[in-house]
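Structure, as structure tokens:
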Amino acid sequence: DNNRLVAMLRDTLLQSKASAWKRANNSIDSALGRRGEALPGCRLAEEMKDGVDGVQLLDVYDLLPFDNPDGGPWKQGFEITYKGDEWSEQPLELFLIPHSHNDPGWIKTFDTYYHDQTRHILDNMVVKLSEDSRRKLIWAEISYFSKWWNDIDDQKRAAVKRLVEAGQLELVTGGWVMPDEANSHYFAMLDQLMEGHQWLQKHLGVKPRSGWAIDPFGHSPSMAYLLKGAGLHNMLIQRVHYSIKKHFAQQQTLEFLWRQSWDDSSRSDITCHMMPFYSYDVPHTCGPNPAVCCQFDFQRLPGRRTFCPWKIPPKPITDQNVQERALLLLDQYRQKSRLFRSSVLLVPLGDDFRYVESSEWDVQFNNYQKLFDYFNQHPELHIKARFGTLSDYFQALHRRLSTTRTTLPKLRGDFFSYADRDDHYWTGYFTSRPFYKRLDRKLEATLRATEILFSLTLAEMRRSHSDGRLAENFPAREYFQWLTTGRRNLALFQHHDAVAGTEREHVVVDYGTRLFQSILNLHQVLQSSAHWLLLLDKSQYHHDQSKPFLQMQSLLLIIGFCFRSLIIFNPTEQLRTSVISVVVDSPDARVIDAETGQQMSTQISAVWAEPSRPSTDTFQVRTSSLIRLLITAVCFKFLFSHSSSPSWLNFLLCHLSSKKKIILFTSFYFEIQKLRLQSGLVRKIQVQFLWYGTRTGSRDKSGAYLFLPADEGAQLYTSSEPPLVRVSRGPIFSDITSHFPHFTHTVRLFHLDGHAGKSLEISNLVDIRSQVNHELVMKIVSDIASGNRFYSDLNGFQMQQRRTLAKLPLQANFYPMTSAVFLQDSTSRLSLLSAQSQGVASLKPGELELVLDRRLQQDDNRGLGQGVTDNKLTASLYHLLLEDRGVGGASVDHLSLLAHLASLSLCHPPMIMVAPSNSQLPKLRPFQPLHSSLPCDIHLLNLRTLEDTQVRDAPGETALFLHRKGFDCSTTPKPTPQCTWSEHEEVMTHSPFI
């Protein structure tokens, strides 16, 4: 069953549409050189047609005025009317869905929430659902459910299984968490989904059928795609801009088929239900009037912990008032039903951490059952009401749609950026706590690399033994448990209040500790796996955790008077040229290729103790190398040399003192000035830095969630202190580093052949801990005539066109950027690839603004109760790529092949390990598991070891995940990449490994 689940996810990632691919010449070179024709694998824009019932969210944004008139009881909507006979032929079929939204960390840590609230909710669930078979509950967060499962006895586990089998308890979505859909990378989104689904399959034998996402702050089609690939056919979303909700309600398009932007078939379609009102709590779910709906949240009965802010409390349902209360509630149900195309109605019943107390189960279920009994005893009301699960609702919906021959519209696009009221756009969390967003991606890259190397190690062990057993002295089971913990810690951080940066300070410290500890543990698995693979004589393998044979190169490498061997692991599926950087204790060093014995070109640079003072005892050695495919090899030897004239002192320090000269410096040293393309076209590009403040007075201000900039907008960065500039030149790279009080900015050009030398590296080291209510922005200004359009990625999985609209406030024009953004006109494209997620905007043609860090002293009234003042020294890393465009008529919603390769190198750098200096080293051999590079457009997403089906917490079979990436047709990479690309629907995967 596990294997079938994995295979379904894998196959979905591999599938592509045959009708979408443009057949071209067999010769790649002729295809690249022939302008005016699409490259193999390109998608033409005119192929995408949805018919008259198609909805493109970009067009909706152009259409709507985004005003906010008072809609009456439904403040953000409109008055809903009905005659009363609309349900005569098709009765209203109501499903009331009890739920409890449990954040795996927010105000409290994951463990504290569990001990204080979640375990009591789940304990009560077993008792209260067992009391009445008509009662139902849905549950989403498998991270909590699995923790609780480990704490309960076999008798309670059996009771849970009975409830699941009876359809009273449904596990919805099945992810480890309910992930953030703006900042999370699709690797982590899929991994947390896999972790939850495999747990459910193993312990309960169930497969989720419907998705439930009520709290992520905006929604991405990438998540819809992953859910469909995991076998789900339906999903529900909630946090969507109130103007979009109103428009969809008016058009009765709150339920739709969500289709991917590249898909011209129904293959990726998933039925999606959008909740129409402000929130997922009870006052905003039974109908349009929260003052009425709140009266039917019986947890708010007088004398209980919560109350109705509209000052009309609920009443217990009695024989005397049941008719009046039922008709009042029925009116809300009927009004809500008029917003949908069918007469099947979904009404949630729950909120954050509901049903902690046993008495809440009683007051909610008992009072509602009395109302349902009254409804069902009066057929003239034309309503059939019951408790239900999400799948109960969607099954009834599809039956009704089929019976009435009603179709749902098809929708393309995403639901960013989100506003819940007024001009309160949730665009601040795209950047909040960037230190942890960067750490998230560090763990992601480390986990993927370790998964691959660990899986290859186990495969080699089984192949080397005729009976398929593993090496006895290799701690495979312990390492698999560390891998599982790493997966789960990464998964936990994808929670929509974790990677978003919207949790309390002590909670983010708890997350960060988990991330960092997992990185350290995974390093040990990586080192030990590489050790076993490289040994020529496997019997010499010895596991000593206190003294590992290989160590990750992160600190000073002591050379002394002997050589030191470096082990380089290329975690990508491509042959690549990369710069290897090592900090050593001597400037007199040579680098030798261990296989050929040839000395390699090196560049020795200063390590700066202070911005203007180089260290005298540590130095940085960089060398470039063509790294083979997924290879772990003895690559370099560092030798001590008595050279009397080291070449590392090739840098220039510049001090500028007057304010006037600072301005001159700003316009010069921040300016890349000009970039020349292959065609000879020259583009002007400049980098600036800006401050955003926040609103003043009694108005709402920016916080962890919201971006509410000051009325004057962005202000150019200035400093009272003179900047310091370092200019370095050498055979490997040249760079300019500019030091300012709040950031250090470096632009570096690598002198490398092939695609690795086609982009500029931009890095920033930001420290705004001295600031009050400021946000630091890096702005790229170019002369590209991009109009009001730019393109940002969604989860590193796909690109989405954005349109900067003057009718929207400034903060509304910021969007999430997980890994890429680009601007383009008819002749060229400027792509910026990033190693971390952040917010991005293009407020003027040819410009990009990237928010680097935010320090905000106040809460923004969304429940956190804190500002964001725990800033850290934070690094950000980018590659800037400028390309010609030439092929007309091609789609523009993909990165180019060159950009894909650059992003791959940026996000998955080589892993460097160091062997001992002992001269009695065992013989090592290179290990190269791939025959050749995979096609350029095929990404080895993961090689994931699954849990053994017979032995608990032990490694079993391996799942291979491949992702076929769409690429843009209008750029022609030169020189030709050292890989092919696929142009047909099927990819042969039977023998990619040696």
Q. So, do Phe365 and Phe387 have ring centers that fall under 6.0 Å from each other?
A. yes
* Between Tyr186 and Thr818, does a side-chain contact (heavy atoms from CB on, under 4.5 Å) hold up when you go through it step by step? -> CA-CA 9 Å; Tyr186 79 99; Thr818 310; over 6 Å; no
The complete set of side-chain hydrogen bond (donor to acceptor under 3.5 Å, both in side chains) pairs with one or both residues in residues 269-279, sequence neighbours excluded, reads Glu255-His273, Arg259-Asp269, Tyr278-Arg421
- prompt: Can you say whether the rings of His99 and Tyr280 are parallel (under 30°), tilted (30 to 60°) or perpendicular (over 60°)?
  reply: perpendicular
Angle class for the Tyr368/Phe298 ring planes (parallel below 30°, perpendicular above 60°, tilted otherwise)?
perpendicular
Subject >> Close side-chain approach of Trp212 and Glu170, heavy atoms under 4.5 Å >> reply: no
Item to complete: State plainly whether the residues Arg862 and Asp420 are in salt-bridge range, i.e. N to O under 4.0 Å.
Response: yes
Exercise. Answer yes or no: is there an ion pair linking Arg239 with Asp215, defined by an N-O contact shorter than 4.0 Å?
Key: yes
Item to complete: Please check if the side chain of Tyr144 supplies one atom and the backbone of Asp103 the other of a donor-acceptor pair under 3.5 Å.
Response: yes
Contacts of Asn289 meeting side chain to side chain donor-acceptor pair (under 3.5 Å) (sequence neighbours excluded), chain-then-number -> none
Report task. Please lay out, stage by stage, how Arg304 and Gln299 fare under the test side chain to side chain donor-acceptor pair (under 3.5 Å). Result -> CA-CA 7 Å; Arg304 300 191 69 82; Gln299 173 67 356; 3.0 Å; yes
Across all chains, not counting sequence neighbours, the side chain to side chain contact (heavy atoms under 4.5 Å, CB included) partners of Glu86 are Tyr82, Lys83, Arg338
Checklist entry - Going through the checks in order, is the side-chain contact (heavy atoms from CB on, under 4.5 Å) test met by Arg855 and Asp853? => result CA-CA 7 Å; Arg855 185 172 178 84; Asp853 201 357; over 6 Å; no
- Item | Whether over 12 other heavy atoms sit under 6.0 Å from Phe353 CZ | yes
